[in-house]
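Residue numbering restarts at 1 for every chain, and letters A, B, ... go by the order of the sequence lines. Any value given below was found using the heavy atoms of this structure, including those in side chains, with hydrogens, waters and symmetry copies removed.
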Amino acid sequence: MTTRTVNFKIYRYDPDQDAKPYLQDISVECDPTDKKLLDVLVKLKAKDDSLSFRRSCREGVCGSDAMNINGKNGLACLTDLSSFVEGKPIVLRPLPGLPVIRDLIVDMTQFFKQYHSIKPYLINNDPPPERERLQSPEDREELNGLYECILCACCTTACPSFWWNPDKFVGPAGLLNAYRFIADTRDQATSERLDDLEDPYRLFRCHTIMNCVDVCPKNLNPTKAIGKIKDMMVKRAV
Amino acid sequence: MNRIIVGAHYGLKDWLAQRISAIVMATYSVFIGIALASGGAASYESWRALMSGSVTRFATFLFIVSVCYHAWIGVRDIWMDYVNSVAVRLTLHVLTILGLVGCAGWAVQILWRL
Amino acid sequence: MNVPIRKFDAVIVGAGGAGLRAAIQLSEAGYKTAVLTKVFPTRSHTVAAQGGVAASLGNSEEDHWHWHMYDTVKGSDWLGDQDAIEFMCRKANEVVVELEHYGMPFDRLDNGKIYQRPFGGHMSNFGEKPVRRSCAAADRTGHAMLHAMYQRNVKVNTQFFVEWQALDLIRDAEGDVLGVTAMEMETGEIVMFHAKATIFATGGAGRIYYSSTNAFINTGDGLGMAARAGIPLEDMEFWQFHPTGVAGAGVLITEGVRGEGGILRNSSGERFMERYAPNAKDLASRDVVSRAMVTEINEGRGCGPNKDYVLLDITHLPPETIMKRLPGIHEIALQFAGVDALKEPIPVVPTCHYQMGGIPTNYHGQVVLGADSTPVPGFYAAGECACASVHGANRLGTNSLLDLLVFGKSAGESAVNDLRDSGRHHKPLPQAEIDNSVARVERLNSQKDGADVHETRLAMQRVMQKHAGVFRFNDLLKEGVQKIFAVADDVARTGIKDKSKVFNTARIEALELDNLVEVAKSTMVSAEARKESRGAHVRDDAHDTAETPNGRDDKNWLKHSLWHRDGNRLDYKPVHMKPLSVESIELKKRAY
């Protein structure tokens, strides 16, 4: 089996030991069974158990291992090793714009706070029928490209508007999910949801920079969802 | 406790205003460009004739108002993003408004003097 | 040692499907509930379920809960408790409809009802022909379901403790459960969660095997905690190997692929399942398909340079169907197998997927002890960590999501009822038990020249893979028991180099290994002892005779194993053959 050496520069910071963060040079021997970046990170952790990162499903549905890879947010488990230029070190940093807890682990409190702020649940005050509420396949189709969000925070932490106003701007992930409920024909709180977002910060800090679309590991399009919310607001207002 | 208060309901209005003012600015720029290229800028007299026509004067006025309103929203957003002290921000907002209103008034004065 | 104590009415450990479903019940009833979870709720492994959730809604064709019950009993190779199975199948419509009301984005039929697809082992009219019973949201049913339930919990204001690792189950001298000790990962602080009701919903332990569809977090924490606290583990010899894990990567390819018309082929392109299951073919039960695949590979009809996998072919399906019903599979095939499933077949191998056994419970979700199934006061369990037992020796696809909904709800309901009616109060805490728990963490902090966690875990996984795989052999099992206890000795002296208090994932992995190894021991010991073939447990020395159909020995082995950690002891309890309201489903030879 042919092995190859992969070089890394990894952001390291343990507040318990380090005065300040630093970039650590590490290299590791990879064999052909190491296909994804996460495979190599697991290997690195076997060598140095202090290297800290989140991971779980290793197939891109849980959203744990989001990080900044060579300057671009992504999931380690969906990033092919072969996508890197050979010889050049791979630079890994925590997601930008959120406080670092340790190494590649960030504090996602603010991200989830924004997600929770859009009331991410179906609101329907009719007494629940005995069977399922009906929804046509076409109406259901409206939710495609929205409900698949895995809350990995790649998009939101790539958004400059979120960097400037993390406390007030909902961010692409939150807004995508807001539209997921606005678009759901079973939800009855459309007006309240639009009211809640009609604010110079919450929705309108989106300046269609589209970093979110660029980085989403599930190929979702938050900018499009945000556009649809704006359309609905205009339709409602005129 | 630092409470985050949102819900100032002018997000849509401003967003829409910025887009509409942009359309006004773009349309004006195209037409005035054509008018100037096709002889309007040949001499001071021709320029003056063009700019003092009532249609042009009205259009230019609309353009100036659009520029100012568009600029107001953009500059205000910058203050909102980067200036965290409410007092300083309010002062900057007021200065921006005064500056823009001043510019607009001055432009109107020039227009109607022609 | 001074450990801070926090009091709650109920503590739920785990925020996957079962934990979230139980939490809804408790929060809606207004009880002060803490949900402890080592990952953010939507990162729990329920998120990876793909194909669907079973319910005899009958949206596409006639269906009946009794047929579903029959299929489940047959699928379980008659080891499932028929009272629990009837309970689950009868509750299926209710819990699925509830989920729809919570906002779950199910796919829809033209008439607006929930879309249903066929799945392995689910038949109409008592085993006649495949039936569309699996309610699906494309091939992301688990994801849609987990998010919908988390969202419902947000609505009812459930209190979550995110990224807290539960350490030990605390029982007093009378055996009552009083809560758990847990560690906040971010700070390393240990807290005693003192509760009147404790619900375990900690999921499976698929990571005991080297090759597994399971997430890194599936480390059997609840089973380890229960075993250390003197609760036996039931039917741990039964592990489901999913027929279609991506060869090499282990990532799951849903059975829904075959439900939509996918076909398994060997090296000569033959649809080999026709030989093994002439009636259900590719949609036979998972244990049957996995064994057929391994047989094909062992007999030299595998594919690839090493002839070590078979092919899952969907190239004959219309591309629109694939992109509409199986978009995630198309993505996974591209990502992890490097093939475009529209044009090429996907290389697959049977991969460890699901643990049928677990913490013994009744169908109320109460944890029970002994042959007469006496409930443990204050202790409940649901989902993969529990054994109700509805899956018996082999689980049908889509019954796991149903299991966690039905028993998550009933565990929550039981806790609510007990809190309301039985006057449970916060009993005094046994300090020695709390100290023992803290000592486990202290040992890790002070261990010198300890065994490497990564290496030890790998050793365990290799032993399990080799000695307790799809096919089992007497000598390999006997040797496996020796080897797994040798590994357990190493686990007792693991060491970590990272001593930081802040988000110490090395420490978490070491604590997880403590739990994994209990599961591994229970599996190997229970498997070695069971001298028959049943469902997923198949021994080469159990032969197909008139007395023992498919090697199944009902005279001696129609019973649940119970493994006790203390003294590494096994005992057994009878299978509940009597359902709640219908006739018992008679034993017969299992064929598809």
A quick test of your reading: do over 12 heavy atoms of other residues, nucleotides or ligands sit less than 6.0 Å from CG of N111(C)?
yes
Mind listing the closest non-hydrogen atom pair of K36(A) and F336(C) along with its distance?
CE-CE2, 3.8 Å
Of K218(A), M108(A), H116(A), the largest count of non-hydrogen pairs under 4.5 angstrom with chain C goes to H116(A)
Rounding to 0.5 Å, atoms OG (S56(A)) and CG (N214(C)) come to a distance of 9.5 Å
Residue pair C57(A) / A215(C): nearest heavy atoms and the distance that separates them
CA-CB, 3.6 Å
Measure from the side-chain N and O atoms of D49(A) to the backbone N and O of I496(C), and report whether any donor-acceptor pair falls under 3.5 Å.
no
Residue A148(C) versus chain A: region with a heavy atom under 4.5 Å:
neither
Using non-hydrogen atoms and a 4.5 Å limit, figure out which bit of Y115(C) sits close to chain A: side chain, backbone, both or neither.
neither
In terms of heavy-atom proximity below 4.5 Å to chain C, should L146(A) be classed as side chain, backbone, both, or neither?
neither
With a 4.5 Å cut-off on heavy-atom pairs, point out which of D107(A), D16(A), D14(A) contacts chain C the most.
D16(A)
K155(C) atom NZ, over 12 foreign heavy atoms within 6.0 Å:
yes
Sidechain-backbone polar pair: R43(C) side chain, I150(A) backbone, donor-acceptor under 3.5 Å:
yes
If you count heavy-atom pairs under 4.5 Å with chain A, which of E163(C), R152(C), R507(C) comes out on top?
E163(C)
Between I101(A) and chain C, with a heavy-atom cut-off of 4.5 Å, which part of the residue counts as in contact: side chain, backbone, both or neither?
both
Side chain to side chain contact (heavy atoms under 4.5 Å, CB included) between F112(A) and V162(C): does it pass, once the steps are laid out?
CA-CA 12 Å; F112(A) 288 122; V162(C) 176; over 6 Å; no
Is it the case that the side chain of H101(C) and the backbone of E130(A) share a donor-acceptor pair, with hydrogens and angles ignored and the cut-off at 3.5 Å?
no
Closest heavy-atom pair, T505(C) versus L51(A), reported as atoms and distance to 0.1 Å, is OG1-O, 4.0 Å
Do you know which two heavy atoms are closest between Y121(A) and Q151(C), and how far apart they sit?
CB-O, 3.5 Å
Where on K47(A) is there a heavy atom nearer than 4.5 Å to chain C: the side chain, the backbone, both, or neither?
backbone
Let me check something: any side-chain donor-acceptor pairs from residues 58-66 of chain A under 3.5 Å, sequence neighbours excluded? List them with distances.
residue	atom	partner	partner atom	Å
R58(A)	NH2	S212(C)	O	2.5
D65(A)	OD2	C77(A)	N	2.8

I need the contact set between residues 176-184 of chain A and chain C: heavy-atom distance under 4.5 Å, sorted by residue number.
R180(A), F181(A), D184(A)
Inter-residue atom distance K324(C).NZ - N144(A).CG, 0.5 Å rounding:
9.0 Å
Mark yes when over 12 heavy atoms from residues, nucleotides or ligands other than R325(C) sit less than 6.0 Å from its CZ; otherwise mark no.
yes
Quick one: salt bridge (charged side-chain N to carboxylate O under 4.0 Å, His left out) partners of E142(A), sequence neighbours excluded?
none
Check each atom of E94(C) against the heavy atoms of chain A and say whether the ones under 4.5 Å are side chain, backbone, both or neither.
neither
Can you tell me which portion of V47(C) sits under 4.5 Å from chain A's heavy atoms? Options are side chain, backbone, both or neither.
both
Passing option when E100(C) is tested against R140(A), R131(A), R186(A), R133(A) for salt bridge (charged side-chain N to carboxylate O under 4.0 Å, His left out)
R186(A)
Can you tell me which portion of F53(A) sits under 4.5 Å from chain C's heavy atoms? Options are side chain, backbone, both or neither.
backbone
Enumerate by number any residue of residues 450-460 of chain C whose heavy atoms lie under 4.5 Å from heavy atoms of chain A; in the absence of such residues, state 'none'.
D452(C), H454(C)
Which region of Q135(A), side chain (C-beta onward) or backbone (N, CA, C, O), has a non-hydrogen atom less than 4.5 Å from a non-hydrogen atom of chain C, or is it both or neither?
both
Least distance between heavy atoms, F216(C) atom then V42(A) atom:
CZ-CG2, 3.9 Å
Please tell me if the side chains of R54(A) and F40(C) come closer than 4.5 Å, counting only heavy atoms from C-beta onward.
no
Structural part of F503(C) lying under 4.5 Å from a heavy atom of chain A:
both
Do the side-chain N and O atoms of E132(A) and N59(C) include a donor-acceptor pair separated by under 3.5 angstrom?
yes
Just verifying a value: how many Å separate E331(C) CD and E148(A) CD, rounded to the nearest 0.5 Å?
9.0 Å
At a heavy-atom distance under 4.5 Å, which candidate from L109(C), V39(C), L252(C), I332(C) has the highest pair count against chain A?
L109(C)
Below 4.5 Å from any heavy atom of chain C, which atoms of K119(A) appear? Answer side chain, backbone, both or neither.
neither
Tell me, for D107(C) versus chain A, whether the close heavy atoms (under 4.5 Å) come from the side chain, the backbone, both or neither.
both
So what's closer than 4.5 Å to chain A heavy atoms on E98(C): side chain, backbone, both or neither?
neither
Between L151(A) and T42(C), which heavy-atom pair has the shortest distance, and what is it?
CD1-OG1, 4.0 Å
Interchain contact, I105(A) with chain C, by part (heavy-atom threshold 4.5 Å)
side chain
Top contributor to chain A interface from H45(C), M104(C), K499(C) [non-hydrogen pairs under 4.5 Å]
M104(C)
Taking atom OH as the centre, does Y210(C) end up with more than 12 heavy-atom neighbours from other residues, nucleotides or ligands that are less than 6.0 angstrom away?
no
Can you tell me which portion of N504(C) sits under 4.5 Å from chain A's heavy atoms? Options are side chain, backbone, both or neither.
both
